[in-house]
Amino acid sequence: MTAVTIGKFDGFHLGHRILLAELQELSKEHKEEMPTCVCKIDFPGPGLLSRDEQKKVLEEYGIYRMRRLAFSEYFASQTPEEFVRRVLVSELGASHIVVGSDFRFGYNRSGTVDTLRSLGEKYGFRVVAVDKLKMGGEIVSSSRIRNLLSEGRVDQVAELLGQPVTYQGYVCHGKELGRTIGFPTCNLRPDPEKLLPLFGVYRSVVTTPEGIYDGVTNIGRKPTVEEDGAPTIETYILGFSGDLYGEEIKVTLKSFIRAEQKFASVEELVAQMKIDADFT
């Protein structure tokens, strides 16, 4: 017997976490705790959380098993019953299935919650359907959060996601222009599996081995000094003068300052960076 929840789960936002909590409660209802599993449908492209962040969210709910299913032509061609029989019953041994009230699955999204309940009677599992969470008068959804991220509204993203927008990694060498203009920065290579926000400048908090500091973070291609450069995450840490090369840091975006722009000269860029630093 296994309690399973199914979905795209792009970010495990607050709406998704209701499903995880229901999964956790189902497990605890049994004298011997029932194993739990998240069946995640992976679509191409970056997501709202990195794989490590996804894992940490699940661990908060005592869930240590995730079955990833790559969305493919074959996956999309399965009838609802084929998917249930092959994945949920035969592979995962589902006895309880938790889904959102608008859950759709199978070829042409033809399967509904009612379809799942009907198949549950045939294959011996129980279905729990959970209503969608609303905040601010709108449904909390991955598409809503992605739209907010694309507009740089990281504070609102954090509210719906249930955790701040963070980027973590090891400080690497860049062109080191910042040192020559009085604004040395810590550079992180973006995780290709994690979505970046609107390119621009953000207030941030930086967690380092030396402590926690306020920062100003630029995310983008640095058009003033590079032509068609790859996106980077560069942070000027206020009040810090040490060397963090090779160290792991975490950059938490707090709020948007301005969009990325190309300046006519490095001098104009420096003048604007001084203004940006005053916003923190």
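Tyr213 pairs by the ring pair (Phe, Tyr, Trp, His ring centres under 6.0 Å) definition with Phe240, not counting sequence neighbours. Evaluation of the side-chain hydrogen bond (donor to acceptor under 3.5 Å, both in side chains) rule for Ser255 yields Arg203 as partners, not counting sequence neighbours. Not counting sequence neighbours, the partners of Phe43 by the ring pair (Phe, Tyr, Trp, His ring centres under 6.0 Å) test are Phe71. Listed by chain and number, the residues in a side-chain contact (heavy atoms from CB on, under 4.5 Å) with Thr232 are Lys222, Glu234 (sequence neighbours excluded). For Ser143, the side-chain contact (heavy atoms from CB on, under 4.5 Å) partners are Ser141, not counting sequence neighbours. Residues satisfying the side-chain hydrogen bond (donor to acceptor under 3.5 Å, both in side chains) criterion with Glu260, sequence neighbours excluded, are absent altogether. Legend: residues meeting side-chain hydrogen bond (donor to acceptor under 3.5 Å, both in side chains) with Lys254, ordered by chain and number and at least two apart, are absent.
Under 3.5 Å, the side chains of Ser118 and Thr115 contain no donor-acceptor pair of N or O atoms.
Membership of the apolar cluster around Val205 extends to Ile212, as traced through chained side-chain contacts below 4.5 Å between ILVMFWY residues. Clustering of Ile, Leu, Val, Met, Phe, Trp and Tyr by side-chain heavy atoms under 4.5 Å joins Tyr107 with none of the others.
Sequence neighbours left out, the pairs with a member in residues 74-89 that pass salt bridge (Lys or Arg N to Asp or Glu O under 4.0 Å) are Glu81-Lys122. Applying the salt bridge (Lys or Arg N to Asp or Glu O under 4.0 Å) test to pairs two or more places apart or on separate chains, those with a residue in residues 183-197 are Arg51-Glu193, Glu53-Lys194. Among residue pairs with one or both ends in residues 60-72, those qualifying as salt bridge (Lys or Arg N to Asp or Glu O under 4.0 Å) are Arg17-Glu60, Asp42-Arg68, Arg67-Glu91; sequence neighbours excluded.
Heavy-atom minimum distance, Met135 versus Leu160: SD-CD2, 3.8 Å. Of all heavy-atom pairs spanning Arg144 and Glu138, the tightest one is NH1-O, 3.0 Å. Shown here for Leu88 and Ile97, the closest heavy-atom pair between the two residues is CD1-CD1, 3.6 Å.
When the side chains of ILVMFWY residues are joined at heavy-atom separations under 4.5 Å, either directly or via intervening members, Leu92 and Met66 end up in two distinct hydrophobic clusters. Hydrophobic clustering (ILVMFWY, side-chain heavy atoms < 4.5 Å, transitive): Tyr123 and Leu26 are in distinct clusters.
Annotation: the span from Gln163 atom CD to Thr252 atom OG1 amounts to 10.0 Å, rounded to 0.5 Å. Interatomic distance, Ile237 CD1 to Glu210 CD, rounded to the nearest 0.5 Å: 10.0 Å. Interatomic distance, CD of Glu29 versus CE of Met34, reported as 8.0 Å (0.5 Å rounding). Atom CD of Glu22 is separated from atom OG1 of Thr36 by 12.5 Å, given to the nearest 0.5 angstrom. The CD1 atom of Ile233 sits 12.0 Å away from atom SG of Cys186, with the distance rounded to the nearest 0.5 Å. The distance from atom OG of Ser204 to atom CD1 of Ile257, rounded to the nearest 0.5 Å, is 8.0 Å.
Counting only heavy atoms from C-beta outward, the side chains of Leu195 and Arg146 approach each other to under 4.5 Å. A 4.5 Å side-chain heavy-atom check between Thr235 and Val216 finds every atom pair outside the cut-off. In this structure the side chain of Ser142 reaches within 4.5 angstrom of the side chain of His13, judged on heavy atoms. Residues Val87 and Leu69 have side chains in contact (heavy-atom distance under 4.5 Å, counting atoms from C-beta outward). At a threshold of 4.5 Å between non-hydrogen side-chain atoms, the residues Leu253 and Pro197 count as touching. With contacts defined as side-chain heavy-atom distances shorter than 4.5 Å, the pair Ile6/Lys40 does not qualify. Within the 4.5 Å cutoff, no side-chain heavy atoms of Lys250 are placed close to those of Val206. Annotation: side chain of Thr207 is not in contact with side chain of Ile249 (no heavy-atom distance under 4.5 Å).
Using the six-membered ring where Trp is involved, His16 and Phe12 have ring planes that are perpendicular, over 60° apart on the 30 and 60° scheme.
The only member of Val84, Val99, Thr79 that meets side-chain contact (heavy atoms from CB on, under 4.5 Å) when paired with Phe105 is Val84.
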